[in-house]
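Contents: one structure, followed by commentary.
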Amino acid sequence: DVKVTQSSRYLVKRTGEKVFLECVQDMDHENMFWYRQDPGLGLRLIYFSYDVKMKEKGDIPEGYSVSREKKERFSLILESASTNQTSMYLCATQEHGTGELFFGEGSRLTVL
Amino acid sequence: RKEVEQDPGPFNVPEGATVAFNCTYSNSASQSFFWYRQDCRKEPKLLMSVYSSGNEDGRFTAQLNRASQYISLLIRDSKLSDSATYLCVVRVEYGNKLVFGAGTILRVKS
């Protein structure tokens with residue numbers, strides 16, 4: 001079974017804090033994604049990566065950055081958290097042939 | 001216009017009912033289509049892929065209509081355990097980017 005592990009299930013941070021969300025996968029997938037999910041808006045793509053040290057902006061990259069130093073690890077960084085970044089963050093890996101996404105359990109971030 | 005649109009519901013149906021969801025997409029060059037299921041406070045998981053000829057998996061049937069740019073999901077003989085949010089997902093032409101609809105909530109009641 002594909003295992004996608006997100007480091008924190010629940011976080012509470014203050015405005016202006018730097019936030020790291022880590023994602024680790026054990027299936028050797030090249031493609032990894034970060035989404036945020038908000039009621040009524042569905043999943044929106046923040047950043048994605050097709051290879052180590054490679055990153056591409058998704059639909060809503062503003063206020064975020066990412067790091068992919070190793071194939072199995074894809075980190076999402078909020079340099080200075082703001083209240084409008086309160087959300088559920090979902091990391092996913094993608095199987096090459098089918099395109100199926102495998103998600104982590106999600107990290108629910110609250111910014112006060 | 002959103003790239004992928006779904007009726008948010010909720011659809012409230014009794015056990016044993018048949019229920020259908022539709023999803024429309026705006027990019028005519030979209031290549032692949034999926035339905036994902038998301039339980040409350042859980043991550044999305046693939047329910048089924050949608051093939052051009054339509055496909056069935058037990059009580060679930062998925063259909064694609066390229067001319068009208070919509071996909072559908074039919075659930076027969078609904079079970080309480082089918083209660084979830086169903087996400088329509090479209091793979092756009094370029095790269096591996098998948099676009100998600102906002103989801104349709106299904107509540108099956110006894």
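Order of the sequence lines sets the chain letters (A, B, ...), proteins ahead of strands, with each chain counted from 1.
- Only the backbone of A/Leu41 comes within contact range of chain B, judged by heavy atoms closer than 4.5 Å.
- Between the side chains of A/Ser75 and A/Glu22, a donor-acceptor pair is found at a separation under 3.5 Å.
- Ranking B/Ser49, B/Gly101, B/Gly103, B/Pro44 against chain A, the residue ahead of the rest is B/Pro44, based on heavy-atom pairs under 4.5 Å.
- Ring geometry for B/Phe60 versus B/Tyr86: interplanar angle of 30 to 60°, hence tilted.
- Classification of the B/Phe34-B/Tyr36 ring pair by plane angle, with boundaries at 30° and 60°, yields perpendicular.
- Residues of residues 8-16 of chain A that come within less than 4.5 angstrom of chain B, heavy atom to heavy atom, are A/Arg9 in numerical order.
- Checked against a 6.0 Å centroid threshold, the rings of B/Phe11 and B/Phe21 count as neighbours.
- For the pair B/Glu15 and B/Lys79, the salt-bridge criterion is not met [side-chain N within less than 4.0 Å of a carboxylate O].
- Listed options A/Glu100, A/Glu105, A/Met88, A/Glu56 were ranked by heavy-atom pairs under 4.5 angstrom with chain B; first place goes to A/Glu100.
- Relative orientation of the A/Tyr50 and A/Phe33 rings is perpendicular, given thresholds of 30° and 60° on the angle between their planes.
- With a 4.5 Å cut-off on non-hydrogen atoms, B/Gln38 touches chain A through its side chain but not through its backbone.
- Shown here are the salt bridge (charged side-chain N to carboxylate O under 4.0 Å, His left out) partners of A/Asp38, two or more places apart in sequence or in another chain: A/Arg36, A/Arg44.
- When each of B/Lys2, B/Gln69, B/Glu3 is tested with B/Tyr25 by the rule side-chain contact (heavy atoms from CB on, under 4.5 Å), just one qualifies, namely B/Gln69.
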